[in-house]
Amino acid sequence: AYFILFYPLIIMENNQRIDYKRGKVERYLKKFKHRLRIRSIEKELSFPIGTIQKFTKKGRKIDDERILQLYTYLKKMRL
């Protein structure tokens, strides 16, 4: 019964975390798109070709799973 009462709170916290990470990743990609080797990042993370490029040039949304992968990659690289 305890878990059922607080389950929506757990989902809300996870969504807020994803939104926070999405904001950080998207700001970083937009700010440094000319300095990054976007294709090499996509290749290393096994993204389809043009995933990041479509976001930076056309404003296409990147899905949550890839945002989390990009966030951990950028954090690992300390960028």
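Given the structure is predicted, the values throughout are model-derived calculations rather than measurements. Just so you know, residue 1 is the first one in the sequence shown, and it goes up from there. We use all heavy atoms of the structure for the numbers below, so side chains are in, but hydrogens, waters and symmetry mates are not.
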Can you find a pair of side-chain heavy atoms, one from Lys31 and one from Tyr28, that are under 4.5 Å apart? no

Could you walk me through whether Tyr71 and Arg22 pass side chain to side chain contact (heavy atoms under 4.5 Å, CB included), step by step? CA-CA 8 Å; Tyr71 182 80; Arg22 174 178 294 282; over 6 Å; no

NE2-CG distance between His34 and Leu36, expressed to the nearest 0.5 angstrom: 10.5 Å

If Ile, Leu, Val, Met, Phe, Trp and Tyr residues are connected whenever their side-chain heavy atoms lie under 4.5 Å apart, and connections chain through other members, are Met77 and Leu70 in the same group? yes

From Leu74 CG over to Ile41 CD1, what is the distance, rounded to the nearest 0.5 angstrom? 6.5 Å

Surrounding NZ of Lys57 (heavy atoms of other residues, nucleotides or ligands, distance under 6.0 Å), is the total greater than 12? no

I'd like to know whether Arg27 forms a side chain to side chain contact (heavy atoms under 4.5 Å, CB included) with Lys24, so could you lay out the CA-CA distance, the side-chain angles of the two residues, the decisive distance to 0.1 Å, and finally the verdict. CA-CA 5 Å; Arg27 279 191 303 265; Lys24 288 194 75 121; 3.6 Å; yes

What's the shortest heavy-atom distance between Thr51 and Ile62, and which atoms? O-CG1, 4.5 Å

Show your working on side chain to side chain contact (heavy atoms under 4.5 Å, CB included) between Ile67 and Asp63 and close with a plain yes or no. CA-CA 6 Å; Ile67 285 289; Asp63 66 343; over 6 Å; no

Calculate, to the nearest 0.5 Å, the distance between atoms OG1 and CG belonging to Thr56 and Leu29 respectively. 7.5 Å

Tell me whether Thr72 contacts the main-chain N or O of Leu68 through its side chain, where contact means a donor paired with an acceptor under 3.5 Å. yes

Drop me the distance from Ile38's CD1 to Lys54's NZ, to the nearest 0.5 angstrom. 13.0 Å

Over 12 foreign heavy atoms within 6.0 Å of OH, Tyr20: no

Minimum-distance pair of heavy atoms, taken over all atoms of Arg60 and Phe55: O-CD1, 3.2 Å

For Glu42 and Gln53, which heavy atoms make the closest approach, and how far apart are they? OE2-N, 3.6 Å

Within a strict 4.5 Å, meaning less than it, do heavy atoms of the Pro48 and Arg66 side chains meet? yes

